[in-house]
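Data first, discussion second: the structure below is written as structure tokens.
Just so it is clear, the structure is predicted and the values come from calculations on it, not from any experiment. In what follows, every heavy atom counts, from backbone to side chain, and hydrogens, waters and symmetry copies are set aside.
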Amino acid sequence: MRPLTLDSFYKKEEPERSGEVEKPPGIEVERVEGYRESRRSIEDRRPSNLGSSIVLSVDYDGAEGCAYVKLYSLEDSRVYFWYDNTGHKPYCLTDMSIDEVKRIPEIASHKGLEGFEEVKLYDAVNDEEKVMTKIIAKDPLSIGGKPSGSIRDILQPRVWEANIKYHDCYMYDTGIIPCMPYRIVDGRLVPVEVDLTREAIGFIDSLKDVDEEERRLIERWLKRLEYPVPKMKHLVLDIEVSSPYPSRIPDPRRAEYPIVAVALVDSEGSKRILLLEKHDKPREDFRMEGVSVEFYKDEKLLLEEVFKAIDSYPVVVSFNGDDFDLRYLFHRAERLGFQKSDIPVTLSRDSASVRYGIHLDLYKFFFNRSIQVYAFKSRYYENTLEGVASALLGVGKITIDKPISDLSYRELAEYCLRDAELTYGLLSYEGWLTFNLMVVLSRVTGTILEDLCRQGVSGWIRNMLEREHRARGWLIPRREDLLKFKGGATTKAVIEGKKYRGGHVIKPEPGVHFQIAVLDFQSMYPSAMQRYNLSYETVRCSHEECRSNIIPGTAHWVCRRRKGVTSLLIGSLKDIRVRWYKSKAKDKSLPQSLRDWYSTVSESLKVLINASYGVFGAENFAFYCPPVAEATAAIGRYAIEETIKEARRLGLHVIYGDTDSLFIEKPDPDRVAKLIQWVRSNLLMDIDVDKVYRYTVFSMRKKNYIGVYEDGSVDVKGLTGKKRNTPEFLKTAFAEMTKLLGQVTNDREFEDVKRRIKDLVRKYYMKLKKKELTLEELAFKIMLGKPIEAYKKTTPQHLKAALLLKSIGKEVDVGDIISYVKVTGKIGVKPIELASLDEIDVAKYVDHLRTTFQPILEALDIDFNEAIGLSQLDFYGFSFA
DNA sequence: GCGGACTGCTTACCT
DNA sequence: ACAGGTAAGCAGTCCGCG
């Protein structure tokens with residue numbers, strides 16, 4: 001490997017000691033009382049010396065023509081700015097020589113051109129050094145972003161690294177890491193050295209099996225993650241707008257209606273509610289416990305007060321402020337005649353930022369799929385404040401049954417305040433879990449918080465990889481080159497339309513099986529990437545000699561000469577997660593707050609590690625490379641298939657498996673130990689007993705089973721009876737059944753429980769027949785997955801119900817859960833608001849009762865018709881009732 | 001022009 | 001905009017039927 005450097009801008013500073021090193025990580029650093037700073041000019045915020053401060057953000061200042069850093073001082077809790085004085089400028093690269101570029105007239109005469117420089121970079125795709133020309137510009141827009149005439153457009157297609165946002169480019173080159181401590185010393189921005197504890201150093205030394213390169217990475221991660229998250233002052237903001245149309249959200253771009261209430265809730269315990277006093281509605285005298293209720297006669301004054309607040313906090317938080325609150329505030333202020341310079345909000349196409357601090361929009365972060373699934377374990381699924389808050393905090397919005405303009409001042413105040421409190425709750429609950437998650441992800445991937453809460457995992461991982469490329473002096477590959485050199489997939493997917501074959505699912509052995517051990521591969525895909533050296537530059541590398549190093553089940557090979565950068569990054573993150581953070585989180589000798597921090601780090605790393613495979617198969621990922629994703633999945637299949645073969649050789653009875661798990665019946669401990677050892681030495685992966693079931697119930701369906709633990713608790717996987725769209729009465733019935741199953745400890749007890757299950761099914765059948773159920777219990781609740789107009793091919797039932805709702809004037813939106821029941825008649829469905837019990841289509845519901853229980857009844861050898869007490873004659877439509 | 005077989009769409013789940 | 005694999009229900013279409 002040729003370590004080439006791109007260090008023309010990188011001026012390394014001697015790190016300084018912070019003097020606050022032995023503090024335990026994850027705990028607040030300090031707390032400053034009495035916070036209500038007066039407004040300060042920009043000049044007051046540009047000190048030439050500043051003590052330890054946290055990098056909040058990096059941005060480009062058009063007027064100054066350079067990058068600047070927003071810093072949060074740990075000494076006085078204020079925000080300060082540091083403007084670049086290293087002379088760093090925006091640039092892109094081309095493979096043309098300087099002379100060649102100079103001969104392009106549009107470049108030579110370009111107004112934004114600053115100059116040229118020759119650089120040597122390592123091209124990882126071709127494993128060779130490349131001489132490139134750096135085209136330096138006066139400002140980021142000259143590189144790209146103008147509708148026409150940008151340097152990158154002129155150089156097309158011979159241009160590299162031209163789509164990187166300038167603030168990212170600046171951070172990559174200077175090595176600035178967001179959310180880490182820096183200080184200003186005589187005008188220079190200097191990182192504060194983070195010292196590791198003796199224990200952490202000991203941990204690194206104890207890593208005997210990792211090479212020097214990974215050891216350095218692990219040290220890097222530890223330094224970023226052992227440094228505490230300082231307590232910062234947060235302001236949560238929520239606004240209400242009076243609109244004459246009840247269920248329609250006012251258009252923030254037009255901002256036609258007055259802002260009648262603003263709630264400001266902060267991390268220092270202050271709660272304010274600012275109300276607009278209407279001339280036709282006298283103010284009410286009321287108190288709210290612990291809340292400052294303020295009336296304003298003039299909307300302009302109210303906004304000024306809000307702007308003052310926005311200006312005085314380092315972190316401003318909203319729920320959907322990008323698209324609504326801040327956007328509305330901005331346009332409303334404009335409409336009321338504010339000067340632009342007096343509005344502390346800047347809007348871009350899909351975000352809103354604030355002048356001095358940073359603005360975090362929790363809506364986007366909570367709606368991020370990875371965060372939803374891995375960090376919050378799918379505990380919420382609706383993308384609304386109501387949905388997320390009631391699931392995570394157990395408190396929902398205040399329900400109002402009239403338009404905002406009809407509320408009394410008190411009702412309005414309570415309603416608005418609640419929203420802000422819920423948002424604050426989401427940010428701070430469980431020891432500031434949400435904010436800490438963001439900080440960890442920000443530090444590891446080098447993404448500023450403002451971007452982090454708005455981007456998806458592919459953006460975060462892109463940032464991490466691009467930064468690593470710059471640090472190593474590597475050329476960042478272009479998507480189209482990656483695709484051209486690496487090509488597409490070589491396996492055929494099971495699902496039509498997918499790009500390559502994924503995980504392998506083993507057909508289950510139907511029936512009841514006692515004593516089941518579930519063996520799981522530990523992080524199968526990340527391990528595959530780590531152990532098999534998978535990375536975009538190593539899979540299908542350019543060396544002839546590596547072509548024989550075939551990845552089983554594919555036509556791909558992997559490099560023997562170089563260590564893959566992705567393999568290394570993911571591998572090191574996986575190793576510190578498992579060997580440090582996970583075990584620290586479980587360490588009972590540590591104080592709870594510290595364990596919480598370790599577990600937050602562990603969960604954050606999990607998000608990144610788990611997503612690292614998927615992104616390579618995602619078309620929008622900057623390093624999109626299907627062979628990498630395909631090779632990962634192929635190694636996974638190879639691993640599980642070989643493990644099953646070995647298990648069988650050892651005489652173990654495998655009854656089911658899915659992607660990275662194996663279900664083994666009546667396992668002999670010695671043989672299991674042998675299998676685990678075999679996997680370790682032959683596949684270089686870890687597998688262990690993840691859980692043990694007293695028994696499992698399988699039908700012939702994959703991804704559907706019940707597992708009963710030794711203590712009687714029950715896992716239900718995939719079955720209709722636990723899906724969230726299934727009517728409540730079916731879920732209740734199913735839950736009753738699983739409770740019965742939890743009591744069974746052996747074969748004999750099954751006979752009794754089978755009888756009771758039959759009774760149970762019959763009970764619910766009779767309830768249906770007699771219509772002893774409410775509409776609410778009968779409702780299917782299905783999410784509207786796209787806007788109504790987007791359903792072009794079919795009209796599914798939940799859409800029919802939604803259309804009926806719309807026809808009675810109810811607003812229906814993407815993401816709404818539509819509750820409907822099945823009724824007799826042509827359309828067949830009605831939203832519960834419009835239906836009545838006597839039109840329920842009982843036969844349809846009996847069908848659902850049947851299919852809900854079918855998989856289990858099948859396994860227990862119970863006949864549904866017999867269970868509900870139908871004779872054969874009844875079944876064929878005769879009845880003697 | 002009717003009805004069953006089939007395909008494709010949609011949602012929610014598993015790993 | 002991280003991936004692929006599976007189940008279930010329904011909508012809509014195809015195709016055979018003299």
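- Contacts of A:F623 with the nucleic acid, taken as non-hydrogen atoms under 4.0 Å apart, are absent.
- With B:dA12, C:dA8, C:dC2 as the candidates, the nucleotide lying closest to the side chain of A:T720 is C:dA8.
- A:A629 comes within 4.0 angstrom of no nucleic acid atom, judged by non-hydrogen atoms across all strands.
- At the heavy-atom level, A:S370 lies under 4.0 Å from base atoms of the strands shown.
- Taking a 6.0 Å sphere around CZ of A:R369, one finds it holds 12 or fewer heavy atoms contributed by other residues, nucleotides or ligands.
- When heavy atoms are screened at a 4.0 angstrom cut-off, A:K800 is found touching the sugar-phosphate backbone but no base atom.
- Heavy atoms of A:R369 sit nowhere under 4.0 angstrom from any nucleic acid atom.
- Checking B:dT15, C:dT6, C:dC2 against the side-chain heavy atoms of A:Y705 singles out B:dT15 as nearest.
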Nucleotide by nucleotide, nucleotides 3-9 of chain B touches protein heavy atoms under 4.0 Å in the pattern (B base, S sugar-phosphate only, - none) ------S
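- Residue A:Y500 is classed as a sugar-phosphate contact, given heavy-atom separations below 4.0 Å to backbone atoms only.
- Of the residues listed (A:F485, A:Y624, A:F623), the one engaging A:Y536 in a ring-ring contact (aromatic ring centres under 6.0 Å, His included) is A:F623, and it is the only one.
- When each of B:dT15, C:dG5, C:dA7 is scored by its nearest atom to the side-chain atoms of A:R501, the top-ranked nucleotide is C:dG5.
- Residue A:H504 is out of contact with every strand shown, counting any heavy-atom pair closer than 4.0 Å.
- Residues A:D660 and A:K792 each lie close to DNA chain B; by heavy-atom proximity, the contact nearer the 5' end of the strand is made by A:K792.
- When heavy atoms are screened at a 4.0 angstrom cut-off, A:M524 is found touching no nucleic acid atom at all.
- Among the protein residues, A:T851 comes within range of the sugar-phosphate backbone only, with heavy atoms under 4.0 Å from sugar or phosphate atoms but none that close to a base.
- A:I495 comes within 4.0 angstrom of a nucleotide base, judged by non-hydrogen atoms across all strands.
- With distances taken from any side-chain atom of A:P796 to the nucleotides B:dA12, B:dT10, C:dG4, the minimum falls on B:dT10.
- With C:dG9, C:dA11, C:dC2 as the candidates, the nucleotide lying closest to the side chain of A:Y374 is C:dC2.
- Contact annotation for A:G502: backbone-only contact, meaning every heavy-atom pair under 4.0 Å involves sugar-phosphate atoms and none involves a base.
- Comparing B:dT11, C:dC10, B:dC14 by their closest approach to the side chain of A:K822 singles out C:dC10.
- Checking C:dA8, B:dC13, C:dG5 against every side-chain atom of A:R701, the shortest atom distance belongs to C:dA8.
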